[in-house]
Amino acid sequence: MPELPEVEVTRQSFMARISHAQIVSVRMGKPLRWPLGCAPEQLLQQTIYQVRRRGKYLILDLDDGVLLIHLGMSGHLVFAEQLPAPAAHDHFDLHTTHGVLRLHDPRRFGAVVWSASQDSGAALKLLGGLGAEPLDPDFDVQAFAAALKRRQASIKQVLLAGDVVVGVGNIYASEALFRAGIDPRKPACKVSKPKAQKLAGTIQQVLSEAIRQGGTTLRDFRNSHGEYGWFQLQAQVYGRAGEPCLQCGRPINMLRQGQRSTYFCRNCQK
DNA sequence: ATATCGACCTGCTAGC
DNA sequence: TGCTAGCAGGTCGATA
């Protein structure tokens, strides 16, 4: 489910409500991708100051350290004053003075991890290798183009790797490459500078548009109020194999790159 | 260093 | 109707 837009939409949906809440109790269900990294009791009484985002991670600032939350493939957060008793796939509850933050994650590829700071320990390990934030006003298009020049892997796989630019997952990679007219199979280093600059723009455009649409709901995604996203209706290639290209009318192609599906138009993307 | 591939886990759908 | 294979929004760690 969650690429940058879904994580950002989630963040915006509960940040103000949870801000300055104090943690009252913690409930953990089945194991998630990584252990919490501290005794749950250590979180009690701590205040949550703000909720930030880095790539696809949410970062909750506490009195003592940070709590990282990753939604994996199938996770979403719910935040409400009260919630029903945990059901199947509700694997983490953070009870606070403002309400309950609950992670629902059927596949359990998600995680909640405590770290002493954002720049040390578990957080350093998880966030340290991440690339640039595409929606940061300081995003450096020249540096982005230069970084692509150093990579021989296909442009699609370099986007997904997240060490050049963060937040672009399988849906938005296909969409951004289509809008930039770049063949997803092209080695990143062979993408011309103008095309790389164009791609930087289409990545920003696609992600921003998706945030405005509340993200993409293929099956699981909801924001913390339980509302769906609608960007899937604007997708021009993702999930449209065999359907006519909206630019040239020829059928959209699908292929596998690194065990992930890529959707593109052979005619419009060179 | 970089690229590829398997692994993690559950649910749903298409096809027989 | 029921079973099975294959696929799904991510990313880490082992291997070449």
Side-chain angles (χ1 to χ4, degrees), chain A residues 1-11 29-35 37 53-58 68-77 87-92 103-113 122-131 147-177 184-190 203 206-207 210-211 213-223 228-235 237-242 254-263:
Chain A
M1 136 218 171
E3 303 181 35
L4 185 151
E6 291 72 37
V7 177
E8 178 61 20
V9 163
T10 298
R11 187 184 77 85
K30 286 193 190 180
L32 293 163
R33 172 146 197 190
W34 297 299
R53 180 188 56 74
R54 177 75 176 101
K56 298 170 189 167
Y57 289 88
L58 289 174
L68 302 185
I69 301 178
H70 197 286
L71 302 178
M73 282 282 253
S74 58
H76 71 252
L77 291 174
H89 311 311
D90 292 334
H91 298 303
F92 190 90
L103 175 61
H104 177 90
D105 184 9
R107 293 177 73 181
R108 292 192 281 127
F109 290 169
V112 181
V113 176
L124 178 61
K125 190 175 165 198
L126 294 173
L127 307 178
L130 296 184
L148 295 187
K149 283 290 171 212
R150 291 179 228 120
R151 304 290 286 270
Q152 290 187 264
S154 71
I155 181 64
K156 160 85 177 328
Q157 291 182 275
V158 170
L159 292 182
L160 285 190
D163 52 349
V164 171
V165 63
V166 292
V168 183
N170 209 37
I171 298 176
Y172 302 114
S174 282
E175 293 299 317
L177 287 166
R185 299 166 296 183
K186 180 176 278 230
C189 54
K190 299 269 185 64
I203 288 170
V206 160
L207 297 180
I211 292 170
Q213 299 289 322
T216 294
T217 298
L218 251 36
R219 40 193 146 259
D220 313 286
F221 179 68
R222 288 114 207 265
N223 66 24
Y228 303 115
W230 300 100
F231 181 81
Q232 62 276 14
L233 303 177
Q234 326 279 317
V237 287
Y238 187 86
R240 297 193 61 242
M254 202 253 272
L255 59 84
R256 295 231 127 219
Q257 292 182 288
Q259 302 140 278
R260 314 296 302 276
S261 306
T262 300
Y263 297 86

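Just so we're on the same page: letters track the sequence lines, and every chain starts at 1. Quick caveat, the model's predicted, so the values are computed rather than measured.
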Looking only at side-chain N and O atoms, does [X] come under 4.0 Å of OP1 or OP2 in [N]?
| X | N | result |
| --- | --- | --- |
| A:K56 | C:dT11 | yes |
| A:K125 | C:dC12 | no |
| A:H91 | B:dC9 | no |

What is the minimum heavy-atom distance between [X] and [Y], and which atoms define it?
| X | Y | result |
| --- | --- | --- |
| A:Q257 | A:P184 | NE2-O, 3.2 Å |
| A:G75 | A:P2 | O-CG, 4.5 Å |
| A:P106 | A:S74 | CD-O, 3.4 Å |

For this session: Determine the sole option in A:H89, A:H104, A:H91 for which the ring pair (Phe, Tyr, Trp, His ring centres under 6.0 Å) test with A:H76 is passed.
Result: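 The single option meeting the ring pair (Phe, Tyr, Trp, His ring centres under 6.0 Å) with A:H76 is A:H104.
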Problem set entry | Base B:dG6 paired with A:Q259 side chain (donor-acceptor, <3.5 Å) |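 Yes, the side chain and the base share a sub-3.5 Å donor-acceptor pair.
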Whole angstrom is fine here: how far is it from [atom1] in [X] over to [atom2] in [N]?
| X | N | atom1 | atom2 | result |
| --- | --- | --- | --- | --- |
| A:L160 | C:dC12 | CG | P | 13 Å |
| A:L68 | C:dC12 | CG | P | 12 Å |
| A:I69 | C:dT11 | CD1 | P | 15 Å |
| A:L71 | C:dT11 | CG | C1' | 14 Å |
| A:F221 | B:dG11 | CZ | C1' | 19 Å |
| A:D163 | B:dA1 | CG | P | 13 Å |
| A:L4 | C:dG10 | CG | P | 11 Å |
| A:D220 | B:dC12 | CG | P | 9 Å |

Problem set entry | Neighbour count above 12 (heavy atom, 6.0 Å) for A:Q234 CD | yes
Problem set entry | More than 12 heavy atoms from other groups under 6.0 Å of NZ on A:K149 | yes
Heteroatom pairs (N/O) under 3.5 angstrom, protein to nucleotides 14-16 of chain B:
none

Using a heavy-atom cut-off of 4.0 Å across all strands, would you classify [X] as base, sugar-phosphate, or nothing?
| X | value |
| --- | --- |
| A:Y57 | sugar-phosphate |
| A:R151 | sugar-phosphate |
| A:G169 | sugar-phosphate |

Exercise. Taking the side chain of A:R108 as its heavy atoms from C-beta onward, which of C:dC12, C:dT11, B:dT10 lies nearest to it?
Worked result: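 Looking only at heavy atoms from C-beta outward on A:R108, the closest nucleotide is B:dT10.
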For this session: Among the candidates C:dG10, B:dG11, C:dC12, find the nucleotide nearest to the side-chain atoms of A:W34.
Result: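 So the side chain of A:W34 is nearest to C:dC12.
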Seminar exercise, completed: When A:H70 and A:R107 are each assigned the nearest nucleotide of DNA chain C, the 5'-most assignment goes to A:R107
For this session: Assess whether side chain to side chain donor-acceptor pair (under 3.5 Å) is satisfied between A:S261 and A:R256, documenting all intermediate values.
Result: CA-CA 5 Å; A:S261 306; A:R256 295 231 127 219; 3.2 Å; yes
For this session: Would you check if A:F109 stacks with the base of B:dC8, given a 5.5 Å centroid limit and a 30° plane limit, both strict?
Result: yes
Exercise. When you measure from the side chain of A:E3 to the backbone N and O of A:I171, does any donor-acceptor pair fall under 3.5 Å?
Worked result: yes
Exercise. Is the backbone N or O of A:V9 less than 3.5 Å from a side-chain atom of A:N223, with the two atoms forming a donor-acceptor pair by type?
Worked result: no
Exercise. Is the distance between the ring centroids of A:Y238 and A:Y172 under 6.0 Å?
Worked result: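 Not close enough - the centres of the two rings lie 6.0 Å or further apart.
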Exercise. Is the A:Y57-A:H70 ring centre distance short of 6.0 angstrom?
Worked result: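 Aromatic pair counts; centres sit under 6.0 Å.
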Problem set entry | Closest-nucleotide ordering on DNA chain B, the 5'-leading residue of A:Q157 and A:H89 |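 On the 5' side of the pair lies A:Q157.
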Problem set entry | Cationic N near anionic O, under 4.0 Å, A:R151 to A:D163 |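 Salt bridge flag = yes for A:D163 with A:R151.
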For this session: Taking atom P in both B:dG6 and C:dG6, compute the distance separating them and give it to the nearest angstrom.
Result: 14 Å
Problem set entry | C:dC7 to B:dC5 separation - P atoms, rounded to the nearest Å |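 My reading of the P atoms in C:dC7 and B:dC5 gives 15 Å.
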Exercise. Is there a donor in the side chain of A:T216 and an acceptor in the side chain of A:Q232, or the other way round, less than 3.5 Å apart?
Worked result: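 Result is no, nothing qualifies.
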Exercise. Dot-bracket for DNA chain C, 5' to 3', with Watson-Crick and G-U pairs under 3.5 Å, [ ] for crossing pairs and | for other-strand pairs: what is it?
Worked result: .|||||||.|||||||
Which atoms of nucleotides 3-7 of chain C (N or O only) lie under 3.5 Å from a protein N or O atom, and what are those distances?
none

